Amino acid sequence: MSKIYVLNGPNLNLLGAREPDVYGSLSLDEITAALSDRATSLGIEVACLQTNSEDQLIQWLHEAFAEKAPVILNPAAFTHYSYALRDACAVLTTSGIALIEVHLTNPHARESFRHNSVISGVATGVVAGFGVDSYLLALEQLARH
Ligand code: DQA
């Protein structure tokens, strides 16, 4: 069974309680459950992880690189300024390991500081604006390849 990392960045542990009018009412546990169910039906193992730490996200990307495992990444606010995270993502994608950037919301339809992603330029693809379906679409895309 192939393995995919699903990595979530800062403040996503508060989904459900955090700005529900923006991010919806689903908790991260509920999103993880939906992903795990879909992964099981696709015959994929998912490791769903969340941290508020840039350092920890980079460590997990290094683990994915070592395991040659594709990644679904919601970098949250790090999307907009973390060059260290961008470099860690590039380690994977320049080696042919897929990394899909996902967002619950469409950052381009929000505040101007969210319009730029330093991650997108090194991601395999981006899915944004579909809530939990952003993650499920990314999973299905990875399953196809
Ligand atoms: C987000 C969008 C980011 O701008 C924001 O900082 C987040 C969540 C999203 O999933 O829509 O924390 O990545």
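Source: prediction; values computed, not measured. In each ligand, atom 1 is the first atom listed, and ligand 1 is the first ligand listed.
Judged by distance alone, with hydrogens and angles left aside, the side-chain atoms of S53 form a donor-acceptor pair with the main-chain N or O of D55 at under 3.5 Å. Remark: the backbone N or O of G9 is paired with a side-chain donor or acceptor of Q50 at under 3.5 angstrom. Here the side chain of R86 pairs a donor or acceptor atom with the backbone of V118 at under 3.5 angstrom. Using modelled atom types, one side-chain atom of T93 and one backbone atom of V122 make a donor-acceptor pair closer than 3.5 Å. Using a distance-only test at 3.5 Å, with no hydrogens or angles considered, no donor-acceptor pair links the side chain of T124 to the main chain of I100.
Where the criterion is an N or O separation shorter than 3.5 Å, residue side chain and backbone included, P107 fails it with respect to ligand 1. Between L104 and ligand 1, at least one N/O pair is under 3.5 Å apart.
Only side-chain heavy atoms of R18 come within less than 4.0 Å of ligand 1; its backbone N, CA, C and O stay farther off.
Nearest protein neighbour of atom 7 (C) of ligand 1, counting heavy atoms only, is Y23 OH, 3.5 Å. Atom 11 (O) of ligand 1 has T105 OG1, 2.5 Å as its closest protein atom, hydrogens excluded (heavy atom only). Of the protein's non-hydrogen atoms, H80 NE2, 2.7 Å is the one closest to atom 4 (O) of ligand 1.
No continuous path of ILVMFWY side-chain contacts below 4.5 Å connects Y83 to V126, so the two sit in separate hydrophobic clusters.
Between H103 and H80, the two ring planes are parallel [angle under 30°; tilted spans 30° to 60°].
For the pair N74 and ligand 1, a heavy-atom separation below 4.0 Å is found.
Between atom 5 (C) of ligand 1 and the options R114, E19, H103, the minimum heavy-atom separation is to R114.
Atoms of ligand 1 lying under 4.0 Å from at least one heavy atom of A77, given by number and element, are 6 (O), 12 (O).
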